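Here the structure comes first, spelled out in C-alpha cells, and everything after it is commentary.
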Amino acid sequence: MSTLEIKDLHVSVTTEDGAKEILRGVTLTINSGETHAIMGPNGSGKSTLAYSIAGHPKYTITSGTVTLDGEDVLAMSVDERARAGIFLAMQYPVEVPGVSMSNFLRTAKTAVDGEAPKLRTWVKDMKQAMENLRMDPSFAERNVNEGFSGGEKKRHEILQMELLRPKFAVLDETDSGLDVDALRVVSEGVNRAKEATGSGVLLIT
Ligand code: ADP
Ligand code: MG
C-alpha cells in the first residue's frame, strides 16, 4: 500500500505581470487503489495541481508538501518522480516528431524500471495493450502524437499508463473531447491498468 499526500499546497505561476497565486492550500490524501475525482470550472487550477505534482518547472510551490510514502516528492526531479511511480496523463499531450511510439514507450519503460524490459514479453505486452485500447498496430511506428486526433492522443496517454504501471496516476481531463466509443475504450483502459497495479488515481474531469 502506498500513499500520496498533498498538504496545504500553495502554488504560483510567473506571468508577465509577476507571480500569480493559483492554488491556495490544497490538501488531499490518495491511497493505492483509490480514485479521487476533481471537477471545477476552467481556470480553477486543476492542471496546475497536476503539473505541480509532476514537477513542471513553470509552477512554483510557495508552501505546503507533497509526499509519496513519506518521501518528499517536491525535492525530486521530474524523472525521479516518474521512477518513484508518479504518472501524469497530460490534458494536451505533446507531439514529438522524429521519435517513434515504440521507441518512446520502451525508453520510458526502461527509465522507470531501471532495466530494459525483455524484448519478447515487451513486444507482446505492447501489442496487447494497443489492441485493448483499439489502437492500430501501425501506431507503434508513428511519431509520438504527431498528427494524432484528440482521441488518439488520449488513448496513447492510457497506453503509457498500462505499460508503465505507475503507483499513482494523475489523469488530466483524459475524458475530454472523446466520443462515446472512445470514452468507453479509454475508461476501460484506466480501470484495467488500475486493477492490474492497484494504482491510486487522481482523476481530473
Ligand atoms: P484548469 O486546468 O482548472 O482549467 P489551470 O491550472 O490550467 O486551470 O489554470 C489556472 C489559472 O492559472 C488560470 O487562470 C491560468 O490562466 C493560469 N495559468 C496556468 N498555467 C499558466 C502558465 N503557465 N502561465 C500563466 N498562467 C497560467
Ligand atoms: Mg486544465
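Each ligand, and each atom within it, is numbered from 1 in the order the structure gives. Predicted model only: the values in this text are computed from it and were never measured.
Near ligand 1, residues Val13, Thr15, Lys20, Ile22, Pro41, Asn42, Gly43, Ser44, Gly45, Lys46, Ser47, Thr48, Lys58, Tyr59 each place a heavy atom inside the 4.0 Å sphere around the ligand atoms.
Side-chain contact check for Glu157 and Thr174: no donor-acceptor pair (N or O, by modelled atom type) lies under 3.5 Å. Checking Thr67 against Thr65 by side-chain atom types alone, no donor-acceptor pair falls below 3.5 Å. Using modelled atom types, one finds a donor on one side chain and an acceptor on the other under 3.5 Å when comparing Asn132 with Gln128. Under the 3.5 Å distance criterion, with hydrogens and angles disregarded, no donor-acceptor pair is assigned to the side chains of Asp8 and Thr27.
Here the protein contributes Ser47 OG, Gln91 OE1 as N, O or S atoms under 2.8 Å from the Mg ion (ligand 2).
Contact annotation: the side chain of Leu49 approaches that of Leu202 to within less than 4.5 Å [non-hydrogen atoms, C-beta and beyond]. In this structure, the side chains of Arg106 and Trp122 come closer than 4.5 Å at one or more pairs of heavy atoms.
The aromatic rings of Phe139 and Phe148 lie perpendicular to each other, with more than 60° between the two planes, well past the 30° mark.
Remark: side-chain polar atoms of Lys194 are paired, donor with acceptor, to backbone N or O of Gly33 under 3.5 angstrom.
Follow the hydrophobic side-chain contacts under 4.5 Å out from Val186 and you never reach Tyr92; the two are in separate clusters.
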